[in-house]
Amino acid sequence: MQLYNTITRKKEEFRPLNPPKVTMYMCGPTVYDYFHIGNARSFIMSDILRRYLQFKGYQVKFVMNLTDIEDRIIKKSIDANKSADEIAGLYSDAFFEDIKKLRVREADLYPKATLHVQEMIELIKDLEKNGSAYNVDGDVFYDVKKFSGYGKLSGKKLDELEAGARVDVNEIKHNPLDFALWKKAKPGEPSWDSPWGKGRPGWHIECSAMSTKHLGETIDIHAGGNDLIFPHHENEIAQSEGVFKKQFVQYWIHFGFLNIQNEKISKSLGNFFTARDVLARHSAESVRLFFSQTHYGGPLNFSDELLTSAQKGVDKIINLAERIEQLLLLDNENGNVPSFNIQNFLTEFEKVMDDDLNTPQAVAVIFDFVRSANKIIDENEKLSKKSLIEMKSFLQKTAEEVLGIVHFDELKKNNQPSLEEDLLKLLVDLRETLKLEKNYKLSDEIRNRLNSLGIILADSKTGATIKRK
RNA sequence: GGCGCUGUACCUAAGUGGCUUAAGGGGAAGGUCUGCAAAACCUUUAUUCGUCGGUUCGAAUCCGACCGGCGCCUCCA
C-alpha cells in the first residue's frame, strides 16, 4: 500500500514498524465549540484510513487526543461565566455525539490534555536540561535554533521564516519563532504546579506527550488537517525528536481543506456550518460518500446541493442492498448461479485504495458493481442464495466496513409481524385485486395515499414491494 | 516575498507518458419494462483536459512561458 508522506512529499510504500501492528495518532478537537463540517472531513477521512488498514489485516491502535485546556476554552469560559472544565466537558460530549452520528468509529483511546500535564512537564524538563528550552520568569519556550531539523516537515527554512516573521509583540522570546512549551498562569486561569511555577502547557507539547505515552517514541502514522503542518506538527517534531533523538513519525498524512464557495471556512466570512447543522439536513452516509468522492488531500467545495446529489448515490446503493435482503428472504436454494466475478471488483477496490487511498476510484468500483448486480438480478428470475450472499458480502466489506456509506442492519425492514404490517398487507392485497379488475383509479389512489404516509409501493411482476421513506 | 495546492463535460470529480481516441456520481435527453408511476436496465451527453509553444513514434499526463483560483508562513482540521 502506498501513502503520500508529507515530509518526503512522495508516495511511499507503507511499512509499519511492527506489522501487523500499526500505531496511528490523529490530532483531535479543541473542545471549545461544536466542530464544523471541515473538521468533520478530517475525522471521517482518518476514520476511513483506519478502517482500510483494518481491512488490510492490520491491527491498528488509533489514538485521538482531546485538547481540553487552551486559550479559546479559557476565553469561552470567561464569556459564558463557567469553569474551563465545564466548557470542555460540554463540548467533549457534543464532539462524541457528533462523530458517532457521522459513523466515525470510536478510537482506542481519547487522551485528555489535562490528564497528561505531568507527562508534559517531564518532557519540558528534558528539553530544558538538554538546552533546547529556556525559562523566562515562568514562561518556558522552545529554542528552535537548537533543533537542526526545524522546518523539515513544512519545507521551510529557518532563516526564511525569520525573514518573513511578523513582528512579535512577545519580546521575552529569544527568537520570534520560538514557541511556548509552558505558559505562566494569569490570575484566575486554570493552572498546574510545575518547576517553573504555576502555569499550563502550551498547545504543541500535549501531542508529543500523549502520542509518546500511548503509542511509543516512534509512531507509524500521524494525521491531521493541512493547516497543522506548520507550526503545530513542525513543533511536535522539534519537541519529540529534541528529547528522544529518534524519528518521531514515519508517515505524515494531511487532509485538504473544505471550502465553501471556494473560500476557506471561517466565522468572520459567515460561511460556517457545524457538523450538527449539516447532519440536521443530510444523512451521515451522504456526507461520507461526498467526502469519499474526492481525494483526501485536495481541496473540496461544500454545498447543500452537492450533498443532495451524494444522497442520490447513497440511495442507489441502499436500493440494491434492500433488493438483496428482500430476495434473501425468499429462500431460493436452487436458484441460478450466474457467472458474476465479484472477486474482480474486490481486487480492483483494493488496488485503487492501495494507491494512497483513492476513495473516488473505490467509489467508482462500488457503483460499477451496483450496476452489474442490478443487471444480474433483473436478468434472473431466481437467484441462488449463494450468489446473493456474495453480493451482500461485497457491499459489506467495501461500502459498509471501509467507507461506512451503507448499513445493512439498519435497512428498513418490513417483515416484522405487527397489526400495522398486517393491515398494510391487507391494503396491498386488495389493491392487487383492484388492479386485476383494472380499477386503476382506486388502486392509484391507494398508492398515492400510502405515499403521503411515507409508504412507497413499487409494482413488479411478482407483486408490489413496500418501501418506507 | 517564501512554501504548497489547484484549473478536466451543465455541476462534481478520478486519471499524471501508450491498458482510458478521458472513470464514477448528480443533472439532462431518448428507449426497455409497466395499465400508469417508481425502481432497475440500455443508449446518448468532453475528438477533449486554462492558454500558447516545446520534447516524444505517442501527452490531459513531461518541459517552458503566460492567464486564473486557493491555502500556509502567530495556537485554524
Side-chain angles (χ1 to χ4, degrees), chain A residues 6 9 26-30 35-43 45-46 67 70-72 151 154-157 159-161 163-170 176-177 179-180 183 202-204 223-232 234-235 254-259 262-267 289-290 292-295 297-301 303 305-306 308-317 319-320 322-323 352 355 358-368 370-379 435 438-441 443-444 447-448 451 456-461 464-465 467:
Chain A
T6 308
R9 300 181 192 280
M26 167 75 187
C27 282
T30 299
F35 66 85
H36 60 61
I37 189 67
N39 304 108
R41 184 185 187 193
S42 292
F43 297 141
M45 294 318 291
S46 65
T67 301
E70 206 257 348
D71 291 3
R72 285 166 296 168
S154 52
K156 297 178 191 307
K157 295 193 174 67
D159 48 353
E160 285 169 0
L161 277 169
R166 296 169 211 182
V167 179
D168 202 307
V169 289
N170 187 347
L177 296 172
F179 56 90
K183 294 180 161 193
W203 181 48
H204 312 293
N226 247 334
D227 56 338
L228 294 182
I229 295 173
F230 190 89
H232 184 55
E234 196 68 64
N235 292 352
H254 289 98
F255 306 112
F257 266 124
L258 189 130
N259 299 324
N262 259 329
E263 299 214 323
K264 178 182 168 176
I265 290 177
S266 80
K267 285 187 170 171
L289 176 62
F290 174 62
S292 300
Q293 281 176 317
T294 305
H295 188 257
L300 170 59
N301 258 314
S303 74
E305 290 69 31
L306 291 170
T308 302
S309 59
Q311 182 64 49
K312 299 257 173 68
V314 170
D315 290 343
K316 206 163 169 172
I317 298 168
N319 184 66
L320 173 63
E322 284 178 339
R323 234 180 145 181
V352 299
D355 181 16
N358 192 335
T359 52
Q361 280 297 344
V363 166
V365 171
I366 289 172
F367 281 112
D368 283 341
V370 169
R371 194 181 330 107
S372 302
N374 270 318
K375 194 170 179 181
I376 280 169
I377 293 173
D378 283 348
E379 284 169 354
K435 277 174 64 188
K438 298 203 190 303
N439 189 341
Y440 296 123
K441 192 170 174 242
S443 71
D444 284 353
R447 185 168 65 192
N448 289 339
N451 191 303
I456 300 163
L457 294 191
D459 291 325
S460 71
K461 284 174 201 153
T465 58
K467 284 172 75 172

What's the closest nucleotide to the A:Asp227 side chain, out of B:G24, B:G25, B:C76? B:C76
Can you tell me how far C1' in B:C70 sits from the matching atom in B:G50, rounded to whole Å? 15 Å
In whole Å, I'd like the distance from the CD atom of A:Glu70 to the C1' atom of B:C76. 10 Å
Between B:G18 and B:A28, how many Å separate the two P atoms, rounded to a whole number? 36 Å
Rounded to whole Å, please give me the gap between NZ in A:Lys441 and C1' in B:A37. 17 Å
How is A:Ile377 classified with respect to the nucleic acid when contacts are heavy atoms under 4.0 Å: base, sugar-phosphate, or nothing? nothing
Considering only the P atoms, how many Å lie between B:C10 and B:U45, rounded to the nearest integer? 13 Å
I need the CG-C1' distance between A:Asn374 and B:A40, as an integer number of Å. 6 Å
Determine the contact category for A:Arg447: base if any of its heavy atoms lies under 4.0 Å from a base atom, sugar-phosphate if only primed atoms, P, OP1 or OP2 are that close, otherwise nothing. base
OP1, OP2 of B:G24 versus side-chain N and O of A:Arg371: anything below 4.0 Å? yes
Salt bridge A:Arg447-A:Asp444, side-chain N to carboxylate O under 4.0 Å: yes
Proximal nucleotide (of B:A40, B:C75, B:A77) relative to the A:Asp378 side chain: B:A40
Picking from B:C41, B:C3, B:A77, which would you name as closest to the side chain of A:Arg72? B:A77
A:Glu234 vs A:Ser154, side chain to side chain donor-acceptor pair (under 3.5 Å): CA-CA, chis, key distance, verdict: CA-CA 7 Å; A:Glu234 196 68 64; A:Ser154 52; 2.6 Å; yes
Pairing stems for RNA chain B [at least three consecutive pairs; Watson-Crick or G-U; under 3.5 angstrom]: B:1-7 with B:67-73, B:10-12 with B:24-26, B:27-32 with B:40-45, B:50-54 with B:62-66
Sugar-phosphate means primed atoms, P, OP1 and OP2; the rest is base. With that split, encode nucleotides 7-15 of chain B 5' to 3' as B, S or - using protein heavy atoms under 4.0 Å. -----SSBS
Parallel, tilted or perpendicular: ring planes of A:His204 versus A:Phe179, cut at 30 and 60 degrees: perpendicular
Side chains of A:Phe43 and A:Met26, heavy atoms from C-beta outward: is any pair under 4.5 Å? yes
Measure the distance from CZ on A:Phe255 to C1' on B:C72 and round it to the nearest whole Å. 18 Å
Has A:Tyr440 got its ring stacked on the base of B:G35, with centres under 5.5 Å and planes less than 30° apart? yes
Between B:G7 and B:U61, how many Å separate the two C1' atoms, rounded to a whole number? 15 Å
Could you tell me how far B:U55 sits from B:G64 if I compare only their C1' atoms? Round to whole Å. 11 Å
Whole-angstrom distance between B:A38 and B:U34, as gauged at atom C1': 10 Å
Would you measure the distance from the C1' atom in B:A9 across to the matching atom in B:U20 and give it in whole Å? 16 Å
Could you check how far CG of A:Leu177 sits from C1' of B:C75, rounded to whole Å? 14 Å
Going by the rule salt bridge (charged side-chain N to carboxylate O under 4.0 Å, His left out), which residues pair with A:Asp378 if we only count those two or more places apart in sequence or in a different chain? A:Arg323
Do the non-hydrogen side-chain atoms of A:Met45 and A:Thr359 ever get within less than 4.5 Å of each other? yes
Find the distance A:His254:NE2 to B:G4:P and express it as a whole number of Å. 15 Å
Please give, in whole Å, the distance from B:G25 C1' to A:Gln311 CD? 13 Å
Closest of B:C41, B:G25, B:C70 to the A:Asn259 side chain is B:C70
Considering only the P atoms, how many Å lie between B:G26 and B:C41, rounded to the nearest integer? 10 Å
Heavy atoms only, 4.0 Å cut-off, all strands: where does A:Asn39 land among base, sugar-phosphate and nothing? base
Nearest to the side chain of A:Asp71 - B:A39, B:C75, B:G24? B:C75
Calculate the interatomic distance between A:His204 atom NE2 and B:C75 atom P; express it in whole Å. 7 Å
Nearest to the side chain of A:Ser443, which nucleotide is it out of B:G35, B:G24, B:C41? B:G35
